[in-house]
Protein chains: 2
Amino acid sequence: MSIIFSRQCEYALQAVSYLALQPAGKKTSIRELTKKLKIPYHFLAKILQDLTYKKLLVSQKGPSGGFALAQSPDQITLFHIVEAIDGSDFAHKCVMGFPECSGKNPCSIHHQWAKMRDEIYSMLVTENITEMAREMKKPEYRL
Amino acid sequence: MSIIFSRQCEYALQAVSYLALQPAGKKTSIRELTKKLKIPYHFLAKILQDLTYKKLLVSQKGPSGGFALAQSPDQITLFHIVEAIDGSDFAHKCVMGFPECSGKNPCSIHHQWAKMRDEIYSMLVTENITEMAREMKKPEYRL
DNA sequence: TTTATATCAGACCTTTTTGTCTTAATATAC
DNA sequence: GTATATTAAGACAAAAAGGTCTGATATAAA
């Protein structure tokens, strides 16, 4: 099965998107997130914990606790999230899996692929959470 | 870990590439392939078996047996191989993993992603094995 | 200060993917 | 026809990814 992001990463993107829709500073509980996003509770808990450890979210324990974005949403890009969960190997790894594939020693689709990979990368780096939230407020949005 | 193709699929692409470099009709043994490509013997055997079952390769048992392309190399595209091993879900699945993401009900990066996905798809469909082999005959090629 | 409500941490289980092994079937060459 | 080189098939093992559970810890509110 061809994938782009791992399931964990998809869940992370979804959760952060949801948090971006909340009023700044408001803490959202795992319970609310899993209910809205239909992600297994404990699995999401681990992902959020991870994002907190990596300084993308902040957490607070206790009643009325929960998670919130750690930084202003226009400083968090999609790439920050992807990198935190899945790493950034895709940005240099050969599509065909040749270990020594490089510019000097290319695989047969190296250059075509490099172009697309760069486009994907620059999308991830450019797109920030503020823009995502704006997009999500459009009437056709699903959440 | 963000991936595009599964390991199996990478190996399939590598193996088919290698076969494309051989004289038309020549049978290549698993042994030779694993030696050159450094892929685990039995694992590759299974992948080749699979590609044979899916009519992309032909096989012959016995001494001087092995595998060869089943069709003229300009009729086999990268997409044929990827589809056979990994399927074509990536061509319609939501990047963020939202189950009901679609044109009418888009995720926040739906449209940007659709553009890139289409480019990738059309590259896979356009690029055929003949072109790959031509590319591989260039001096800087690694095999 | 107590209690209820959260996250934190880590052990554990399940499924999928990757990889290995063994035996059978088959075709070639002698 | 027999020996040998090769793929076919399927069971098995190991590793990675996905998912669950439980108990500890922190904190806010009563």
Side-chain angles (χ1 to χ4, degrees), chain A residues 1-15 19 22 25-35 37-70 82 84-87 89 97 99, chain B residues 1-15 19 22 25-35 37-70 82 84-87 89 97 99:
Chain A
M1 160 194 342
S2 304
I3 327 179
I4 301 297
F5 303 133
S6 70
R7 190 91 124 237
Q8 280 197 46
C9 190
E10 290 178 354
Y11 288 160
L13 291 167
Q14 294 180 21
L19 292 179
Q22 308 309 309
K26 189 204 156 197
K27 299 284 197 296
T28 305
S29 71
I30 301 176
R31 186 166 317 282
E32 178 178 346
L33 284 162
T34 56
K35 205 168 168 183
L37 299 170
K38 309 211 173 65
I39 299 172
Y41 187 95
H42 296 283
F43 195 34
L44 180 57
K46 249 202 276 196
I47 296 167
L48 295 175
Q49 218 172 287
D50 201 4
L51 291 173
T52 303
Y53 177 76
K54 300 213 171 105
K55 313 284 188 199
L56 292 169
L57 303 180
V58 290
S59 68
Q60 183 163 15
K61 293 181 182 177
S64 79
F67 294 86
L69 300 181
V82 171
I85 303 291
D86 275 355
D89 281 3
Chain B
M1 159 198 340
S2 304
I3 328 179
I4 301 297
F5 303 132
S6 70
R7 190 92 123 233
Q8 280 198 45
C9 190
E10 289 179 354
Y11 288 161
L13 290 168
Q14 293 181 22
L19 293 179
Q22 308 310 310
K26 189 204 155 197
K27 299 284 196 298
T28 305
S29 72
I30 301 175
R31 186 167 316 282
E32 178 178 346
L33 284 161
T34 55
K35 203 167 169 185
L37 298 170
K38 309 212 174 65
I39 300 174
Y41 187 95
H42 295 282
F43 195 33
L44 180 58
K46 250 203 273 197
I47 295 167
L48 295 175
Q49 218 172 288
D50 202 5
L51 290 173
T52 304
Y53 177 76
K54 302 215 170 104
K55 312 287 188 197
L56 292 170
L57 303 181
V58 289
S59 68
Q60 184 164 15
K61 292 180 182 177
S64 79
F67 293 86
L69 300 181
V82 171
I85 303 293
D86 274 357
D89 281 5

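Protein chains get the first letters and strands the later ones, always in sequence-line order, with residue 1 at the start of each. This one's a predicted model, so the numbers in the text were calculated from it and none came from an experiment.
When rounded to the nearest whole Å, the span between CD of A:Gln8 and C1' of D:dG19 equals 10 Å. For the pair A:Ile39 CD1 and D:dG18 P, the interatomic distance rounds to 13 Å; values are reported in whole Å. Per the geometry, CG belonging to B:Leu44 stands 15 Å off P belonging to D:dT6, to the nearest Å. Atom NE2 of A:His42 and atom P of C:dA11 are 17 Å apart (whole Å). The distance between atom NZ of A:Lys35 and atom P of C:dA6, rounded to the nearest whole Å, is 12 Å. The NZ atom of A:Lys26 sits 12 Å away from the P atom of C:dA6 (whole-angstrom rounding). Atom NZ of A:Lys61 is separated from atom P of D:dA29 by 17 Å (rounded to the nearest Å). Separating the CZ atom of A:Phe5 from the P atom of D:dA17 is a distance of 16 Å, rounded to the nearest angstrom.
B:Lys46 comes within 4.0 angstrom of a base, heavy atoms only. Nucleic acid contact class of B:Ile30 (heavy atoms, under 4.0 Å, all strands): sugar-phosphate only. At a threshold of 4.0 angstrom between heavy atoms, the contacts of A:Tyr41 include nucleobase atoms, whether or not backbone atoms are also involved.
For D:dA8, one of the phosphate oxygens OP1 or OP2 lies less than 4.0 angstrom from a side-chain nitrogen or oxygen of B:Ser59. Between A:Arg7 and D:dG19 there is a side-chain N or O to OP1 or OP2 distance below 4.0 Å. Contact annotation: A:Gln60 reaches the phosphate of D:dA28 (side-chain N/O to OP1 or OP2, under 4.0 Å).
For the pair B:Val58/B:Leu69, no side-chain contact is recorded, criterion being any heavy-atom separation below 4.5 Å from C-beta on. Counting heavy atoms from C-beta on, the side chains of A:Arg7 and A:Glu10 come closer than 4.5 Å.
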Next item on the list: For side-chain contact (heavy atoms from CB on, under 4.5 Å), just list the numbers for A:Leu33 and A:Thr28, CA-CA rounded to whole Å, side-chain angles, deciding distance to a tenth of an Å, and then say yes or no.
Entry: CA-CA 7 Å; A:Leu33 284 162; A:Thr28 305; 4.0 Å; yes
Next item on the list: Could you go through the side-chain contact (heavy atoms from CB on, under 4.5 Å) check for B:Ser2 and A:Ile4 one step at a time?
Entry: CA-CA 5 Å; B:Ser2 304; A:Ile4 301 297; 5.6 Å; no
Note to self: Does A:Tyr41 form a side-chain contact (heavy atoms from CB on, under 4.5 Å) with A:Arg31? I'd like the steps, not just the answer.
What the structure shows: CA-CA 7 Å; A:Tyr41 187 95; A:Arg31 186 166 317 282; 4.1 Å; yes
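When each of B:Ser64 and A:Gly65 is assigned the nucleotide of DNA chain D bearing its nearest heavy atom, the one mapping closer to the 5' terminus is B:Ser64. Residues A:Gly62 and A:Phe43 each lie close to DNA chain D; by heavy-atom proximity, the contact nearer the 5' end of the strand is made by A:Phe43.
The residues B:Lys54 and B:Asp50 are annotated as salt-bridged, a charged nitrogen and a carboxylate oxygen being separated by less than 4.0 angstrom.
Rounded to the nearest 0.5 Å, atoms NZ (A:Lys26) and CZ (A:Phe67) are 14.0 Å apart.
When distances are taken from the side chain of A:Tyr11 to each of D:dG19, C:dT7, C:dC21, the shortest belongs to D:dG19. In the set D:dT27, D:dG18, C:dC8, the nucleotide with an atom closest to the side chain of A:Pro63 is D:dT27.
In terms of heavy atoms, A:Ile30 sits closest to A:Leu48 at CG1-CD1, 3.9 Å.
For DNA chain C, the residues of residues 49-58 of chain A within the heavy-atom distance limit of 4.0 Å (strictly under) are A:Gln49, sorted by number.
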